[in-house]
Amino acid sequence: REVEARIQVSRTLVSLFAGSLASIVLVSGCLLVLLCENDLRRLNEERVERLNAQLERHARFFSLSVDMFCLAGADGYFKEVSPTWEKTLGWDSAELLGRPYLDLVHPDDRSATIERASDLRRGDAVTAFANRYLCKDGSYKWIQWNSVLDAGSGLIYAVTRDISDLKRAEHGLQEANKELDAFTYSVSHDLRAPLRAITGFSRMLVDRHAERLDAEGHRLLGVVCANTAKMARLVDDLLAFSRLGRKALEIGPVDMAALARSVVEDIVREKPNPALKVAVGELPPADGDASLLRQVFVNLIGNAVKYSA
């Protein structure tokens, strides 16, 4: 009986210990779950704060940028525009979103705009495309586009800017080129005629009346002939430079050493001088317009020869 009593006590103690241990484990588990929930809640709150801060930065970037940002849909309407659009064109956001954007495009630019929109739908990015947009005051401004289609949402994301000042500068440059063309035409016709007359009469003096001129007269006549020839070359150079400025660039590989040697041979042939020695070293090849690069060598080497004595 005493052994049985001890066994019963032992069982009771084990049961009590097991129950206490289970209670401890249960409480610990509950505490662990609470701690995990708090950690998860804190992590989620931190993640939400970071996302909100990131969204706020993006919103500020969208609203404060000097460039014009916009999102457009496949239906031909703007979905969102940055405030710079209103500053540039005068239309408020509701007016821009409430009408097809093609209505604002200059009639002469609509076909090209439709073609670029087709390029976007095919997945091609559009860069540096320019068209004219109607302002609220009835005028037009030149807008340059860089756009890409997001295939997932079907939205067009675009960054644009007002390049009206650049277009006006280009127009001014074109007008200046027209004035230069008129000037070179005047040079060609108004200056060449008297130069030819001076050269012709100088040669007549040399051919017919050389015996009547003393040494000083021959010297002065030689100065006249030399300077008229120099003036004629300057006119030719001016006309050649004007033609080069109007010529479209033809970029290609250029053997710079061969080009320099060719220019040297032409200069030496035109102005033979036994004392003149020109050496062309090794030059790396380049990509450029061969005729323009040749003109650079003509100017540089020609001046070097002219002022070397």
Side-chain angles (χ1 to χ4, degrees), residues 67 109 112 115-116 119-120 122-132 142-148 159-189 191-192 195 229-309:
D67 285 332
D109 299 335
E115 290 179 6
R116 298 291 82 78
D119 293 340
L120 286 170
R122 288 195 297 268
D124 299 330
V126 171
T127 58
F129 170 67
N131 59 6
R132 285 163 289 182
W142 281 98
I143 306 298
Q144 186 181 71
W145 293 78
N146 294 292
S147 313
V148 66
V159 179
T160 70
R161 62 178 51 187
D162 178 10
I163 59 169
S164 301
D165 291 341
L166 177 61
K167 286 292 184 179
R168 281 191 288 269
E170 289 179 354
H171 178 72
L173 180 59
Q174 291 173 356
E175 292 299 318
N177 286 334
K178 290 180 181 178
E179 293 178 3
L180 178 60
D181 289 342
F183 173 72
T184 54
Y185 179 85
S186 174
V187 167
S188 174
H189 291 79
L191 292 184
R192 284 192 173 197
L195 284 175
K230 180 179 179 180
M231 187 63 184
R233 286 195 299 271
L234 289 175
V235 170
D236 291 339
D237 290 344
L238 179 61
L239 293 173
F241 181 77
S242 175
R243 286 191 293 269
L244 286 174
R246 295 192 301 269
K247 180 184 176 184
L249 292 177
E250 298 179 1
I251 305 299
V254 179
D255 187 335
M256 300 294 285
L259 185 61
R261 283 191 290 269
S262 173
V263 171
V264 169
E265 291 173 359
D266 291 344
I267 292 176
V268 171
R269 190 182 302 112
E270 292 178 3
K271 301 176 181 179
N273 183 356
L276 180 64
K277 294 182 179 180
V278 181
V280 179
E282 293 297 325
L283 294 174
D287 290 330
D289 188 299
S291 60
L292 291 177
L293 290 172
R294 180 179 181 81
Q295 189 64 36
V296 171
F297 277 138
V298 168
N299 293 339
L300 292 176
I301 300 174
N303 288 336
V305 171
K306 182 187 300 183
Y307 297 108
S308 296

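Throughout, residue positions are numbered sequentially from 1 according to the sequence presented.
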Any residue meeting salt bridge (charged side-chain N to carboxylate O under 4.0 Å, His left out) with [X], in chain and number order, not counting sequence neighbours:
{"X": "Glu170", "value": "Lys167"}
{"X": "Arg261", "value": "none"}
{"X": "Glu179", "value": "none"}
{"X": "Asp255", "value": "none"}

Residues in side chain to side chain donor-acceptor pair (under 3.5 Å) with [X], at least two apart?
{"X": "Asp119", "result": "Arg116, Arg122"}
{"X": "Ser164", "result": "Asp162"}
{"X": "Asp165", "result": "Arg168"}

Partner residues of [X] under the side chain to side chain contact (heavy atoms under 4.5 Å, CB included) criterion, sequence neighbours left out:
{"X": "Leu259", "result": "Val254, Leu293, Arg294, Phe297"}
{"X": "Val296", "result": "Leu300"}
{"X": "Ala169", "result": "none"}
{"X": "Arg132", "result": "His106, Asp108, Asp109, Tyr140, Trp142"}

Any side-chain heavy-atom pair of Asn146 and Thr160 under 4.5 Å: no

Interatomic distance, Asp67 atom CG to Gln144 atom CD [nearest 0.5 angstrom]: 9.5 Å

Chi angles and distances behind the side chain to side chain contact (heavy atoms under 4.5 Å, CB included) call for Val264, Val280: CA-CA 9 Å; Val264 169; Val280 179; 4.0 Å; yes

Minimum heavy-atom separation for [X] and [Y], please, with both atom names.
{"X": "Met256", "Y": "Pro284", "answer": "CG-O, 3.2 Å"}
{"X": "Asp287", "Y": "Pro253", "answer": "OD1-CA, 3.5 Å"}
{"X": "Gly281", "Y": "Ala257", "answer": "O-CB, 4.3 Å"}

Identified side chain to side chain contact (heavy atoms under 4.5 Å, CB included) partner of Ser147 from the options Thr127, Val159, Leu120: Leu120

